[in-house]
S.K.: 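The structure's right below; bear with me while I get my questions together.
In this text, all values refer to a predicted model and were calculated from it rather than measured experimentally. Note that ligands are numbered from 1 as they come in the structure, with each ligand's atoms numbered from 1 the same way.
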Amino acid sequence: MNVVLIGAGNVASYLGPVLKKKGHTIVQVFSRSRKSGKTLASLLNCEHTTLAGKILTTADIYIVALRDEVIASFLDSLPFTPKLIVHTSGSTGMDVFPEKMKDHGIIYPVQSFSKSRKKYPDKIPICMQASNDKSQKKIKKFSKTISPVVVEMNSSDRFHVHLAAVFANNFANYLFLQAEKILVSKKLPFDLLKPLILETAMKVQEFAPAEMQTGPAKRGDATIINRHLTMLKNHPDCKHIYKLISGCIEKDLGPRL
Ligand SMILES: NC(=O)c1ccc[n+]([C@@H]2O[C@H](COP(=O)([O-])OP(=O)(O)OC[C@H]3O[C@@H](n4cnc5c(N)ncnc54)[C@H](OP(=O)(O)O)[C@@H]3O)[C@@H](O)[C@H]2O)c1
């Protein structure tokens with residue numbers, strides 16, 4: 001397909017090279033800032049524009065990979081009706097597409113993308129939705145060229161996948177940051193924890209998370225929990241998180257007395 005990428009951020013920078021590798025042609029990148037658009041366009045060997053009025057009108061598919069807050073205003077400002085248009089958000093509905101854009105849909109890749117990261121797993125699940133049968137066929141076929149795992153679902157299910165992903169990735173990563181701070185405060189290297197972090201992620205590939213829970217809260221070890229809380233006395237946010245999560249672990253998974 002001839003593809004126009006709308007946006008040159010984390011997701012567009014992932015999708016562009018993948019689509020090109022799979023035989024699609026990226027004909028243009030649109031981005032509000034010249035720098036990010038030019039960088040991605042030169043990587044994909046295509047043209048770029050910062051003006052909505054200069055977006056090519058004849059592409060087969062338009063992929064809107066913009067920050068969620070600006071998707072609606074961008075779509076409203078688009079001066080033509082694309083043949084087929086999708087966005088990539090986990091938490092923006094189908095109702096964001098203006099009435100005139102009949103053939104539309106969503107391809108939400110369930111992964112955390114960062115521009116600095118160059119390699120991702122091949123099997124990134126794609127949550128897909130389409131406005132009608134015609135779009136469904138096209139978007140599904142297109143999505144299958146990105147990933148073998150394409151799951152059709154409604155917006156409510158997709159919002160829940162996104163919510164779960166916030167827990168599994170965003171919160172987990174924030175906890176890695178707190179762990180790093182604790183080690184750095186004692187001039188200890190974060191590298192000490194990397195094999196543990198990897199093992200935590202590997203274990204849930206095979207076992208249910210509830211089965212893999214370990215630690216003082218799971219054991220109901222009040223002595224260690226209280227010592228940890230004392231150690232966190234100068235870090236109120238961390239102490240709050242520790243207390244809250246330990247309480248939840250004890251309640252859900254702790255020892256049955
Ligand atoms: N990142 C992820 O891990 C991930 C995963 C799955 C789905 N998604 C979804 O994919 C979409 C894109 O996410 P992303 O992480 O790629 O976003 P991003 O990197 O933060 O930004 C994407 C694009 O939005 C543009 N943009 C930001 N603010 C704007 C504004 N006020 N007006 C016009 N353009 C603006 C950026 O322009 P500049 O280049 O000029 O800053 C950039 O080209 C979102 O809907 C997100 O929910 C993200």
S.K.: Taking NZ, NE, NH1 and NH2 as the nitrogens, is one of them in K134 or D103 under 4.0 Å from a carboxylate oxygen of the other?
M.R.: yes
S.K.: Would you give the length of the straight line joining atom NZ of K102 to atom OG of S131, rounded to the nearest 0.5 angstrom?
M.R.: 9.5 Å
S.K.: Going through the checks in order, is the side-chain hydrogen bond (donor to acceptor under 3.5 Å, both in side chains) test met by H48 and S31?
M.R.: CA-CA 8 Å; H48 69 97; S31 171; over 6 Å; no
S.K.: Return the CG to NZ distance between L253 and K218, rounded to the nearest 0.5 Å.
M.R.: 5.5 Å
S.K.: Any idea which atoms of ligand 1 are less than 4.0 Å away from a heavy-atom of G7?
M.R.: 43 (O)
S.K.: Hey, which atoms in ligand 1 end up nearer than 4.0 Å to a heavy atom of A8?
M.R.: 42 (C), 43 (O)
S.K.: Mark up the atoms of ligand 1 that fall under 4.0 Å of a heavy atom belonging to S36, in ascending order.
M.R.: 38 (P), 39 (O), 40 (O)
S.K.: How far is atom 12 (C) of ligand 1 from its nearest protein heavy atom, and which residue and atom name does that atom have?
M.R.: L66 O, 3.5 Å
S.K.: Nearest protein heavy-atom contact for atom 16 (O) of ligand 1: which residue, which atom, what distance?
M.R.: V11 N, 2.8 Å
S.K.: Is it true that H235 and Y242 have ring centroids separated by less than 6.0 Å?
M.R.: no
S.K.: Please report whether the ring centroid of H87 lies less than 6.0 Å from that of Y108.
M.R.: no
S.K.: Can you check whether F30 and F74 have ring centres sitting under 6.0 Å from each other?
M.R.: yes
S.K.: Quick check on contacts: which atoms of ligand 1 are under 4.0 angstrom from a heavy atom of Y108?
M.R.: 6 (C), 7 (C)
S.K.: Give the residue, atom name and distance (to 0.1 Å) of the protein heavy atom nearest atom 5 (C) of ligand 1.
M.R.: Q111 O, 3.1 Å
S.K.: Which heavy atom of the protein is the closest neighbour of atom 33 (C) of ligand 1, given with residue, atom name and distance?
M.R.: R32 CD, 3.6 Å
S.K.: Under 4.0 Å from any heavy atom of S112, which atoms of ligand 1 are there?
M.R.: 3 (O)
S.K.: Do me a favour and list the nearest non-hydrogen protein atom to atom 3 (O) of ligand 1 with residue, atom name and distance?
M.R.: F113 N, 2.7 Å
S.K.: Using atom types as modelled and distance alone, determine if a side-chain donor or acceptor of S42 lies under 3.5 Å from a backbone N or O of T39.
M.R.: yes
S.K.: Tell me: protein heavy atom nearest atom 31 (N) of ligand 1, and distance?
M.R.: V70 CG1, 3.4 Å
S.K.: Which atoms of ligand 1 have any heavy atom of R67 under 4.0 Å away?
M.R.: 20 (O), 22 (C), 24 (O), 27 (C), 28 (N)
S.K.: Considering non-hydrogen atoms of the protein only, which is the closest contact for atom 47 (O) of ligand 1, and what is the distance?
M.R.: D68 OD1, 2.6 Å
S.K.: Less than 3.5 Å apart, any donor N or O on the side chain of S73 or D76 sitting next to an acceptor on the other?
M.R.: no
S.K.: Counting heavy atoms only, which of A65, P109, A165 is nearest atom 22 (C) of ligand 1?
M.R.: A65
S.K.: Looking only at protein heavy atoms, which one is nearest to atom 7 (C) of ligand 1, and how far off is it?
M.R.: T88 O, 3.2 Å
S.K.: Between F74 and ligand 1, find which residue part has any heavy-atom pair under 4.0 Å and reply side chain, backbone, both or neither.
M.R.: neither
S.K.: Under a 3.5 Å threshold, yes or no: a donor from one side chain and an acceptor from the other, between R158 and S155?
M.R.: yes
